[in-house]
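Have a look at this one before I ask anything.
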Amino acid sequence: MNSTEIILLNFSEIRRRSIKLWSGIPNKYLNWKPDENAFTIIEMIRHVLEGEHLFHKIIENRGNLGNYKSPWKELKYSDLKNELAFSEKYRTEFLSMINGLKESDLENVRIERKEVGQSKKLGDYLNRIAYHESVHTGQMLSYLRTIGIERPQIWD
């Protein structure tokens with residue numbers, strides 16, 4: 001496996017586990033949140049899906065978001081099935097972009113986000129994107145523990 005294939009495998013495994021976790025949450029809990037300042041469950045799911053698209057645009061523009069407009073902006077929250085269906089096109093585009101990278105791109109392309117003081121190699125930045133979803137998976141597991149419902153076994 002080359003570096004790009006490993007990165008793609010990591011994204012695939014993280015999303016597979018996220019979907020396994022999200023699919024185990026009864027719909028009646030989708031609007032639950034641990035406190036007023038937290039995401040609801042459905043908001044966190046969308047945050048992960050939408051965030052990946054945002055990160056993709058950051059990569060395309062090498063850090064500059066410009067006048068980014070989220071495709072999710074006017075979309076009403078409903079359920080997991082609809083969230084996944086809506087994001088599928090963007091997920092495919094993101095993975096296709098990664099698949100088209102050369103090994104040298106991971107080392108030589110830089111993502112410069114001056115507004116947050118970041119300057120990262122593309123390979124590093126891609127791993128940070130994967131970490132973002134993983135963090136929210138852990139957060140969601142904590143939500144389910146707090147609610148007192150069974151947590152799907154994602155460690156297969």
Side-chain angles (χ1 to χ4, degrees), residues 4 7-101 105-106 109-120 122-147 149 151-152 154:
T4 303
I7 289 169
L8 284 167
L9 176 61
N10 192 39
F11 273 106
S12 175
E13 276 299 296
I14 291 168
R15 182 56 54 85
R16 182 183 67 79
R17 291 167 194 253
S18 291
I19 291 172
K20 188 173 184 179
L21 173 62
W22 299 338
S23 295
I25 302 170
N27 283 341
K28 70 181 184 178
Y29 293 106
L30 291 178
N31 292 303
W32 184 89
K33 59 183 179 177
D35 62 64
E36 269 314 298
N37 298 317
F39 283 130
T40 65
I41 288 174
I42 194 72
E43 287 170 340
M44 191 186 310
I45 291 168
R46 179 172 297 174
H47 171 76
V48 167
L49 299 172
E50 183 178 15
E52 184 175 84
H53 181 260
L54 176 68
F55 287 130
H56 182 189
K57 295 303 168 189
I58 288 170
I59 290 169
E60 283 183 339
N61 296 316
R62 302 299 187 253
N64 180 4
L65 269 177
N67 61 352
Y68 173 77
K69 290 184 179 74
S70 172
W72 282 262
K73 185 172 172 65
E74 303 298 325
L75 186 66
K76 295 201 181 308
Y77 291 99
S78 59
D79 59 24
L80 176 61
K81 179 182 169 203
N82 287 316
E83 291 294 328
L84 290 173
F86 185 82
S87 69
E88 185 175 346
K89 165 185 154 183
Y90 303 106
R91 173 75 172 179
T92 300
E93 291 170 358
F94 177 64
L95 296 177
S96 180
M97 179 271 302
I98 295 171
N99 195 44
L101 296 172
D105 293 335
L106 300 173
V109 170
R110 295 211 57 94
I111 305 302
E112 304 286 344
R113 298 198 58 215
K114 293 178 172 71
E115 76 279 7
V116 293
Q118 274 186 341
S119 177
K120 304 291 179 200
L122 179 55
D124 179 1
Y125 200 73
L126 287 167
N127 281 306
R128 289 167 186 269
I129 295 169
Y131 181 70
H132 175 258
E133 183 166 339
S134 298
V135 165
H136 284 299
T137 298
Q139 187 179 12
M140 189 70 75
L141 286 166
S142 178
Y143 273 30
L144 300 184
R145 180 183 294 272
T146 300
I147 295 169
I149 60 176
R151 295 172 308 282
I154 63 170

Backbone of L84 reached by a side-chain donor or acceptor of S87 within 3.5 Å: yes

Kindly compute the distance separating CH2 (W22) from CD1 (I42), expressed to the nearest 0.5 Å. 9.0 Å

Minimum heavy-atom separation for G24 to P26, with atom names? O-CD, 3.4 Å

Pairs flagged by salt bridge (charged side-chain N to carboxylate O under 4.0 Å, His left out) wherever residues 68-89 is involved - sequence neighbours left out: R46-E83

Side-chain touch T4/D105, heavy atoms, less than 4.5 angstrom: no

Spacing of NZ belonging to K28 relative to CD1 belonging to I149, to within rounding of 0.5 Å: 8.5 Å

Just to verify, what does D124 make a salt bridge (charged side-chain N to carboxylate O under 4.0 Å, His left out) with, not counting sequence neighbours? R128

Interatomic distance, CE@M44 vs CD1@I25, rounded to 0.5 Å, equals 8.5 Å

Between the CG atom in L80 and the CG atom in L49, the distance rounded to the nearest 0.5 Å is 8.0 Å

In short, K33 meets E36 closest at the heavy-atom pair NZ-O, 3.2 Å

Taking C-beta and beyond as the side chain, do L21 and L144 meet within less than 4.5 Å on heavy atoms? yes

List the atom of R151, the atom of L141, and the distance in Å for their closest heavy-atom pair. CD-O, 3.3 Å

For the residue pair T146 and W32, establish whether any side-chain heavy-atom pair is separated by less than 4.5 Å. yes

Under 3.5 Å, side-chain donor or acceptor atoms of residues 50-62 against the rest of the protein: list the pairs with distances, not counting sequence neighbours.
{"from": "E50", "atom 1": "OE2", "to": "S70", "atom 2": "OG", "distance (Å)": "2.4"}
{"from": "E52", "atom 1": "OE1", "to": "R91", "atom 2": "NH1", "distance (Å)": "3.3"}
{"from": "E52", "atom 1": "OE2", "to": "R15", "atom 2": "NH2", "distance (Å)": "3.3"}
{"from": "E52", "atom 1": "OE2", "to": "R91", "atom 2": "NH1", "distance (Å)": "2.4"}
{"from": "H53", "atom 1": "ND1", "to": "Y68", "atom 2": "OH", "distance (Å)": "2.9"}
{"from": "H56", "atom 1": "NE2", "to": "E60", "atom 2": "OE2", "distance (Å)": "3.3"}
{"from": "K57", "atom 1": "NZ", "to": "E60", "atom 2": "OE1", "distance (Å)": "2.9"}
{"from": "N61", "atom 1": "ND2", "to": "K57", "atom 2": "O", "distance (Å)": "3.1"}
{"from": "N61", "atom 1": "ND2", "to": "N64", "atom 2": "O", "distance (Å)": "3.3"}
{"from": "R62", "atom 1": "NH1", "to": "I59", "atom 2": "O", "distance (Å)": "2.8"}

Sidechain-backbone polar pair: Q139 side chain, H136 backbone, donor-acceptor under 3.5 Å: no

Taking the side chain as everything from C-beta on, heavy atoms only, tell me whether I41 gets closer than 4.5 Å to N31. no

For S78, what residues pass the side-chain contact (heavy atoms from CB on, under 4.5 Å) criterion, not counting sequence neighbours? N82

Nearest 0.5 Å, what's the CE-CG distance between M97 and L95? 8.5 Å

Parallel, tilted or perpendicular, as decided by the 30° and 60° cut-offs, for the rings of F39 and H47: tilted

Do L122 and I111 come close enough that some side-chain heavy atom pair is under 4.5 Å? yes

Distance from I19 atom CD1 to I14 atom CD1, nearest 0.5 Å? 12.5 Å

Hey, are the side chains of L75 and F86 touching, using non-hydrogen atoms and a 4.5 Å cut-off? yes

Are W72 and Y90 an aromatic pair by the rule of ring centers under 6.0 Å? yes

Taking the six-membered ring for Trp and the full ring for Phe, Tyr or His, determine whether the centres of Y29 and Y143 are under 6.0 Å apart. no

Got a sec, which residues hit side chain to side chain donor-acceptor pair (under 3.5 Å) with S18, two or more places apart in sequence or on another chain? E133, T137

Test side-chain contact (heavy atoms from CB on, under 4.5 Å) applied to V109 and Y125, step by step: CA-CA 10 Å; V109 170; Y125 200 73; over 6 Å; no

How about CZ on R110, more than 12 heavy atoms from neighbouring residues, nucleotides or ligands closer than 6.0 Å, or not? yes

Looking at residues at least two apart in the chain, or sitting in another chain, which of them share a salt bridge (charged side-chain N to carboxylate O under 4.0 Å, His left out) with E93? none

Decide yes or no for E112 and Q118: does some side-chain heavy atom of the first lie under 4.5 Å from some side-chain heavy atom of the second? no

